[in-house]
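Hydrogens, waters and symmetry mates play no part in the numbers below; they use all other heavy atoms, side chains included. In the text below, chain A, chain B and the rest are named by the order of the sequence lines, each starting its count at 1.
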There are 4 protein chains.
Amino acid sequence: MARKPQTRPRKSASQQRSQITVDALIEATARILVREGYDKASTNRIAAVAGVSIGSLYQYFPSKEALVAAVIERHTRQLSDVIQAALARAVASPLEAAIRELIGAAIDAHGIDPKLHCVLAEQVPRVGRLENINAVEKQARLLLRDYLEAHRDEIGITDLDLAAFILVTTVEALTHSAVLHRPDVLTGEKAAEFVDEVTQLVLGYLQTPPRARKPNKVSRAR
Amino acid sequence: MARKPQTRPRKSASQQRSQITVDALIEATARILVREGYDKASTNRIAAVAGVSIGSLYQYFPSKEALVAAVIERHTRQLSDVIQAALARAVASPLEAAIRELIGAAIDAHGIDPKLHCVLAEQVPRVGRLENINAVEKQARLLLRDYLEAHRDEIGITDLDLAAFILVTTVEALTHSAVLHRPDVLTGEKAAEFVDEVTQLVLGYLQTPPRARKPNKVSRAR
Amino acid sequence: MARKPQTRPRKSASQQRSQITVDALIEATARILVREGYDKASTNRIAAVAGVSIGSLYQYFPSKEALVAAVIERHTRQLSDVIQAALARAVASPLEAAIRELIGAAIDAHGIDPKLHCVLAEQVPRVGRLENINAVEKQARLLLRDYLEAHRDEIGITDLDLAAFILVTTVEALTHSAVLHRPDVLTGEKAAEFVDEVTQLVLGYLQTPPRARKPNKVSRAR
Amino acid sequence: MARKPQTRPRKSASQQRSQITVDALIEATARILVREGYDKASTNRIAAVAGVSIGSLYQYFPSKEALVAAVIERHTRQLSDVIQAALARAVASPLEAAIRELIGAAIDAHGIDPKLHCVLAEQVPRVGRLENINAVEKQARLLLRDYLEAHRDEIGITDLDLAAFILVTTVEALTHSAVLHRPDVLTGEKAAEFVDEVTQLVLGYLQTPPRARKPNKVSRAR
DNA sequence: AATGAATGAGTCTTCATTCAT
DNA sequence: AATGAATGAAGACTCATTCAT
């Protein structure tokens, strides 16, 4: 790779140029997805918005799908960074602080590019390479499980996989749904209340003593 | 709709025939969505599967969007019926039984046509009149709010709108996500455990005495 | 098929309309191939020349290849008819008359649409469905072989497969090449001379007594 | 071409380098034509296979057509050399030996790069300057005509142009067709038989005494 | 009403060729 | 000279929708 010293600057220059093109394409895709929706995101339109020829688009992305996948990946990486950082901070914290950290991270994550997040969640067909939109959640599930394991004696739950699944799903859904349907609760002083409520929800669940649980069957109506 | 009895039998007959055609088209659309995905659901294909000419399709539905909207509406109505029935039963029940009723209803609702539910949720672009997929949730939120209001003294929460939002979102998300990612927890004996856990989550939240809540701020990392 | 009597005329009418469209497309393809060459024969251009929308083109032909294949088939069928008829006449004729019949048929066949014949022979890539351009020759080979078998005692050759191969290839090549490179020998009084010469070539070969053949090796230069 | 000896070594060096590049490009083109067909032979692909940048390709060849023409020319020259050599040997030989020489040469020529020969014959559109694939035949026709002229008294034919045309076309077509459709007759002991048969065909034709020819008309069916 | 042939705007994608570095 | 990024005209093909019968 670094074998041709004299061509390095040249190559570096062209690599830089390529990178600019690639970035412009991803950015244009994201912008179109947000502003006009998935259906309007045709490759020709993306190229035009990126200020790049359609030929260049196909030099870097083999298909429209690959382009959208790149947008997803970029967005996912940003989310992931926020979540990772929060969980890293949380790992040494006591239970409640950790939970608050997690919830705060979820809110922050959903604040990264909310419009894009919605489009990716609602309009992009989860098929082929595009189905790993939920990768972040999976990852969060695993990390949280580890945390719960380390704090096993503080909580009254035995099936930690299930608990992690429930918690991550709940926190994600609440944040996501709040962004979409109740953006008011995420701004100003209401935000703190929202965090408190969700913390309460989660904490109450985790700390329930095992004996309080009654595993009686429910008669489910057909 | 089926109220007009014997009068004008001829027209009634043709109305009936029309209804059959309409149903066939909606059914064909749903089947194709499930079996082949949104992208493959072309109007010509739908007409063919419905055993109807493309011309007739456009006689009853002005656009492809209208067709998909009809599928959504039909599915939504089915979900709605289940939820409504459960909430009607729950309205006179004590808190825990009501919660279990709600969770059971959510699970039942997701069992109506899970494949179609997923496709509608994941592949159908939520644009134009197609965005009322979430109408059921809205309705459930209102009904639940009424219930909580009636049981205000049993619960330690003041913002009932927020509480209803949190509960409905949580239960829906957990059920939906379980169907998609952890179908195992919804079958056999695990199902009861799942209901218990979610009940615990919800009940613990609702019953927390107001004094136990500490509204201290979290330092949210950027 | 003939079950719906009352719709017959209607259906027949639309079938007729379809047939007109199909014919127009094949004819347009052939014309473009002749006038502008294979490369210029784009589906959009074909549709335009046929006075038909591109959508209709794809309603009847799944691909450009299918369209060209249809042209080949149509041309091939015409050639085939001429050859078949000649061989049918020849089957009861004595050797020389049969040979003359065959050569005459080859010339007639090449006169059907010489320009198209050349384009098909020279410009159409023999790949996929398009490779059976040579089907006619194959068929002629088999028919001729049967004839030779029936006249075995008049000819001095044992390997009839090889003989049929040689004869068909030779006659086809001479006619084809004459059309391309020496069109003069196929018109006017020269035509008769050409037929005489080729007849002589073929007849001389077939009638050579076996004893005249000397199978001595040739030293082939590398 | 390689005549300029030691003078100006620098330039000579670069000329040499250029020649290497040119050869690599022609070779790459030929290889791709053979391995993947005409359609897959894009200029970018050719440059890549040749280990040369697309820019350099266009430094040496003004168009794709020029590149393919160079391949044709190179192949044609190789064929030509074989044919020329054979005819040079044949010029002093008696009739039968000369004929055998010619046939052997045709077979050898078709053995030079049979795959490439087929691709050039079947897939490369004969348009523009690409149509001189048949140049070799033309040349052979002239040379053979001269030979026949010199041996006029041994043969029973008056129209030597026509005779040369018939002979060259026949021998070429038989060899070509054998390579394509009956490769078995060109290998092992069958090869000798094939040469014998073709020799017989040609010799029989040439030696027919004029008086044996009967120029009676054929009634050609329309 | 029903039919299905016809429409054509618009999509994805390729590839010969140019040109800044 | 060499490089390879960029270009964009053009091609194959799809599909929602219209309309003559």
Side-chain angles (χ1 to χ4, degrees), chain A residues 7 9-11 13-22 39-48 51-65 67, chain B residues 14 17-18 21 39-48 52-67, chain C residues 7 9-11 13-22 39-48 51-65 67, chain D residues 14 17-18 21 39-48 52-67:
Chain A
T7 56
R10 176 95 69 115
K11 198 180 169 190
S14 63
Q15 272 180 188
Q16 191 180 314
R17 197 176 169 197
S18 297
Q19 195 55 50
I20 289 171
T21 301
V22 167
D39 281 357
K40 298 287 171 52
S42 73
T43 51
N44 281 296
R45 182 131 184 64
I46 290 170
V52 151
S53 75
I54 182 67
S56 292
L57 184 153
Y58 278 92
Q59 186 137 46
Y60 296 106
F61 296 92
S63 69
K64 180 188 170 182
E65 200 185 26
L67 213 31
Chain B
S14 68
R17 195 175 164 200
S18 295
T21 303
D39 281 357
K40 299 285 173 55
S42 71
T43 50
N44 279 293
R45 184 134 181 61
I46 290 169
V52 153
S53 74
I54 182 67
S56 294
L57 184 153
Y58 276 90
Q59 186 124 30
Y60 293 108
F61 294 93
S63 69
K64 183 186 171 181
E65 200 186 23
L67 209 35
Chain C
T7 57
R10 177 94 67 114
K11 200 180 167 189
S14 63
Q15 270 177 191
Q16 191 180 315
R17 198 176 168 195
S18 296
Q19 195 54 51
I20 289 171
T21 301
V22 166
D39 281 357
K40 298 286 171 56
S42 72
T43 51
N44 282 296
R45 183 132 184 64
I46 291 170
V52 151
S53 76
I54 183 66
S56 292
L57 184 153
Y58 278 94
Q59 186 137 45
Y60 296 107
F61 296 92
S63 68
K64 181 187 169 179
E65 200 185 25
L67 215 29
Chain D
S14 69
R17 197 174 163 201
S18 294
T21 302
D39 280 356
K40 299 284 173 55
S42 71
T43 50
N44 279 292
R45 182 133 184 63
I46 290 170
V52 153
S53 74
I54 181 67
S56 294
L57 183 152
Y58 276 90
Q59 187 121 31
Y60 294 108
F61 295 92
S63 70
K64 183 186 171 180
E65 199 186 25
L67 207 36

(message) Under 4.0 Å from OP1 or OP2 of E:dA2: is there any side-chain N or O of B:Y60 that close?
(response) yes

(request) Search all heavy atoms of B:R45 against all heavy atoms of B:K40 and return the closest pair with its distance. (result) CD-O, 3.9 Å

(message) Output the pairing pattern of DNA chain E as a dot-bracket string, 5' first, Watson-Crick or G-U wobble with both distances under 3.5 Å, | for cross-strand pairs, [ ] for crossing pairs.
(response) .||||||||||||||||||||

(message) What's the separation between atom CD in B:Q59 and atom OG in B:S18, rounded to the nearest 0.5 Å?
(response) 8.0 Å

(message) In this structure, how many angstroms lie between the P atom of E:dT21 and the CD1 atom of A:I20, rounded?
(response) 12 Å

(request) Starting from C1' on E:dT17, measure out to CG on D:L67 and report it in whole angstrom. (result) 13 Å

(message) Taking only the C1' atom of each, what is the distance from F:dT21 to E:dA1 in whole angstrom?
(response) 13 Å

(request) Measure the distance from CD on C:Q19 to P on E:dA6 and round it to the nearest whole Å. (result) 11 Å

(request) With sequence neighbours left out, write down each residue that passes side-chain contact (heavy atoms from CB on, under 4.5 Å) with D:S53, or none if nothing qualifies. (result) D:S56

(message) Each nucleotide in nucleotides 7-14 of chain E should get exactly one letter: B, S or -. Can you fill that in based on protein heavy atoms under 4.0 Å?
(response) BBB-SBBB

(message) With a 4.5 Å cut-off on side-chain heavy atoms, are A:V22 and A:F61 touching?
(response) yes

(request) Measure the OH-OG1 distance between A:Y60 and A:T21 for me, rounded to the nearest 0.5 Å. (result) 5.0 Å

(request) Return the set of residues passing side-chain contact (heavy atoms from CB on, under 4.5 Å) with C:T43 (not counting sequence neighbours), or none when no residue passes. (result) C:I54, C:L57, C:Y58, C:K64

(message) What is the distance, to the nearest angstrom, from the CD1 atom on D:I46 to the P atom on F:dT3?
(response) 17 Å

